[in-house]
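Before any comments, here is the structure.
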Amino acid sequence: MSDDVTPPVPDATAIAELQSIRQSIDNIDAAVIHMLAERFKYTQRVGHLKAASGMPAADPDRERIQVARLRSLAADSHLDPAFAEKFLNFIVAEVIHHHERIAGRDEIAGPDEIAGPDA
């Protein structure tokens, strides 16, 4: 008697459904990337405004409000609020980094001349 167990071969219907689901996931991933790019365009504008006005790159009060808001949205959407907070914290850290870089740059450069995300 052999201990080898051959896994069942999925039928064509299951394979087709899997491909369809994966295509939907790929479409959502593309939309997320496009939305992040759009978000970063606006945060670049924020970074230039803050730099020109002498405002600090970080805004802890705004960050606290955003964390609470996104945690609530996540819970309402049946997404782990802790995951949403980690995701936002990652984005905010990148934004602050870019705002600091913008503040240190020659102000001749406009927002379209600075590459990279600034959430």
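Just so we're clear, the structure is a prediction, and the values are computed from it rather than from any experiment.
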With distance as the sole test, does [X] use its side chain to make a donor-acceptor pair with the main-chain N or O of [Y] at under 3.5 Å?
X	Y	result
K50	A57	yes
S72	A68	no
S20	A16	no

On a heavy-atom basis, which atom in [X] and which in [Y] lie closest, and how many Å separate them?
X	Y	value
P81	A75	CG-CB, 4.0 Å
P10	I15	O-CD1, 3.8 Å
V92	E63	CG1-CD, 3.7 Å

| note | E17 meets the side-chain hydrogen bond (donor to acceptor under 3.5 Å, both in side chains) criterion, sequence neighbours left out, with none
| remark: Between the CD1 atom in I33 and the CD atom in E38, the distance rounded to the nearest 0.5 Å is 13.5 Å
| Atom CG of L18 and atom CD of Q23: how far apart are they, to the nearest 0.5 Å? |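 The CD atom of Q23 is 12.0 Å from CG of L18, to the nearest 0.5 Å.
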| side-chain contact (heavy atoms from CB on, under 4.5 Å) between I91 and L36: does it pass, once the steps are laid out? | CA-CA 9 Å; I91 291 172; L36 284 172; 3.7 Å; yes
Side-chain heavy atoms nearer than 4.5 Å, only ILVMFWY residues, links allowed to pass through others: does that put [X] and [Y] together?
X	Y	result
L70	I96	yes
L88	L79	no
F40	L49	no

| said: Under 3.5 Å, is there a donor on one side chain and an acceptor on the other for R69 and Q66? | reply: yes
